[in-house]
Undergrad: 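Below is one structure. I have some questions about it.
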2 protein chains.
Amino acid sequence: MYRIGELAQLCDVKPDTLRFYEKHGLLAASARSDSGYRLYTTADFERLKFILRAKTVGFTLNEITELLSIELDKSNWACADVKGLVDSKLAQVEAKLAELVRFQKSLAQLSQACCGGPESAEHCSILEALESNSATVNAVKEPCRHSK
Amino acid sequence: MYRIGELAQLCDVKPDTLRFYEKHGLLAASARSDSGYRLYTTADFERLKFILRAKTVGFTLNEITELLSIELDKSNWACADVKGLVDSKLAQVEAKLAELVRFQKSLAQLSQACCGGPESAEHCSILEALESNSATVNAVKEPCRHSK
DNA sequence: CTTGACCTTAGATTAAACTCCAAGGTTTAT
DNA sequence: ATAAACCTTGGAGTTTAATCTAAGGTCAAG
């Protein structure tokens, strides 16, 4: 049996995080000591590791709650259900990825167009792109024009 | 002069959003009518478009506040300052992108390993990967073994 | 027998960007 | 003159995943 601080240290999380997981139904200590301290079993430890692994692949705590309820009652769920969760997460991740790629391209273009020098920003092509219509944000025409 | 609902409609945002921007110092109406209605000028409209464009390239409202303060006082800032903001945003976006690519790879591998069929999840390779050590989450070995 | 490290609870706070609500005043059209 | 559509304010709620605080109880060592 581990006390909260022990389990936390084993898994590199804080005791607060474990209390938070308990409050949100992800992981409750299997027992309490006479004085009310949480006592965690090896099974609790495994459950925590499941949670942390699911986090490393991008699931939110709510999604992990669903995964855990399947995990505890596997025979009443189909592979299709589990794969469905993974695939819908994958779709979410890919949507976010597409957005970030758009950001990345726009920012890279803005960055390239700007001289980045100590000259006044009065003719900064980044600011000019943000001032003009949004097509221009994605296709900066001219570098900063600093009169010599 | 536009009333809040007019400007909102022009820029495809909600009046609430404009009030929110005002409260957070991004955009205040230049005037008020006798009865207290917000009245926005063409300059306000341009400022709003600046904000919305900056959002499309990934800046947060706090970052946009910085950009706006430079925009209003260009001559006291250098291109280097502006490019610095863009480059640091770009670095953030790329870091997040790298994380999402890791998620995407792990999820795609999990998805591939699972048969996705109507069989019981008792031998689901996704759940098995989450139960075992994290190295395995990133390299699922076996497809779901459903005994025939 | 007291110090320090640990544990308990409930509740507040953080970041981000809105969105919604209530209770009321204004404008416009019929 | 009244209904519909619009506006005002302040404040609460949403989402995510903790993190922090206060006020206090417990345990092991010296």
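Both backbone and side-chain heavy atoms feed into the values below; hydrogens, waters and symmetry mates do not. A note on names: the letters A, B, ... follow the listed sequences, proteins ahead of strands, and every chain is numbered from 1.
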Undergrad: Among D:dA17, D:dT19, C:dA17, which nucleotide has an atom closest to any side-chain atom of A:Leu61?
TA: D:dA17
Undergrad: Atom CD1 of A:Ile4 and atom P of D:dG25: how far apart are they, to the nearest Å?
TA: 19 Å
Undergrad: OP1 or OP2 of C:dC21 versus the side-chain N and O atoms of B:Arg19: is any pair under 4.0 Å?
TA: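 False: B:Arg19 side-chain N/O out of range (4.0 Å or more) of C:dC21 OP1/OP2.
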Undergrad: Over how many whole Å does the gap from A:Asp16 atom CG to D:dT16 atom C1' extend?
TA: 16 Å
Undergrad: What's the closest nucleotide to the B:Ser35 side chain, out of D:dT16, C:dT9, C:dT26?
TA: C:dT26
Undergrad: For the side chain of B:Asp87 and the backbone of A:Ser111, is there at least one donor-acceptor N/O pair under 3.5 Å apart?
TA: no
Undergrad: OP1 or OP2 of D:dG25 versus the side-chain N and O atoms of A:Tyr37: is any pair under 4.0 Å?
TA: no
Undergrad: Let me know, please, whether B:Gly5 or A:Lys23 comes out on the 5' side of the other along DNA chain D by nearest nucleotide.
TA: B:Gly5
Undergrad: Quick check on C:dC18: is either OP1 or OP2 less than 4.0 Å from any side-chain nitrogen or oxygen of B:Lys55?
TA: yes
Undergrad: Which heavy-atom pair separates B:Arg32 from B:Leu39 by the least distance, and what is that distance?
TA: C-CD1, 3.8 Å
Undergrad: To the nearest 0.5 Å, how far apart are NZ in B:Lys74 and OG in B:Ser69?
TA: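 Atom-to-atom, B:Lys74:NZ and B:Ser69:OG are 13.0 Å apart.
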Undergrad: Given D:dT15, is OP1 or OP2 found less than 4.0 Å from the side-chain N or O atoms of A:Asn62?
TA: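 Result: no.
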Undergrad: Would you indicate which nucleotide in C:dC7, C:dA16, D:dT19 comes nearest to any side-chain atom of A:Phe20?
TA: D:dT19
Undergrad: Expressed as a whole number of angstroms, how long is the span from A:Glu22:CD to C:dT8:C1'?
TA: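 Going from A:Glu22 (CD) to C:dT8 (C1'), I get 11 Å.
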Undergrad: So does B:Tyr21 get a side-chain nitrogen or oxygen closer than 4.0 Å to the phosphate oxygens (OP1/OP2) of C:dC18?
TA: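 Indeed, a polar side-chain atom of B:Tyr21 lies that close.
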Undergrad: Quick one: pull up CG in B:Leu7 and OG1 in B:Thr17 and give me the separation to the nearest 0.5 Å.
TA: 11.0 Å
Undergrad: In whole angstrom, what separates B:Gln92's CD from C:dA15's P?
TA: 15 Å
Undergrad: Can a side chain N or O of B:Arg32 be found less than 4.0 Å away from OP1 or OP2 on D:dT9?
TA: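 For D:dT9, OP1/OP2 do have a side-chain N/O of B:Arg32 under 4.0 Å.
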Undergrad: Please give, in whole Å, the distance from C:dT28 C1' to B:Glu6 CD?
TA: 13 Å
Undergrad: In whole angstrom, give the distance that lies between atom CZ of A:Arg3 and atom P of C:dA5.
TA: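 Going from CZ in A:Arg3 over to P in C:dA5 covers 14 Å.
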Undergrad: Look at the side-chain N and O atoms of B:Thr17 and state whether any lies under 4.0 Å from the OP1 or OP2 oxygen of C:dT19.
TA: yes
Undergrad: For A:His24 and C:dG11, what is the distance between atoms NE2 and C1' respectively, to the nearest whole Å?
TA: 13 Å
Undergrad: Closer to the 5' end of DNA chain C via nearest nucleotide, is it B:Phe59 or B:Asp34?
TA: B:Phe59
Undergrad: Going only through I, L, V, M, F, W and Y residues with side-chain contacts under 4.5 Å, is there a path from B:Met1 to B:Tyr21?
TA: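 Different clusters: B:Met1 never reaches B:Tyr21 through Ile, Leu, Val, Met, Phe, Trp or Tyr contacts under 4.5 Å.
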Undergrad: Does D:dT9 have its OP1 or OP2 closer than 4.0 Å to a side-chain nitrogen or oxygen of B:Arg38?
TA: yes
Undergrad: Taking the side chain of A:Lys14 as its heavy atoms from C-beta onward, which of C:dT9, D:dA17, D:dC20 lies nearest to it?
TA: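 For the A:Lys14 side chain, the nearest candidate turns out to be D:dC20.
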Undergrad: As an exercise, state the distance from SG of A:Cys124 to NZ of B:Lys83, rounded to the nearest 0.5 Å.
TA: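 Atom-to-atom, A:Cys124:SG and B:Lys83:NZ are 9.5 Å apart.
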Undergrad: In whole Å, I'd like the distance from the CG atom of A:Leu39 to the P atom of D:dT26.
TA: 15 Å
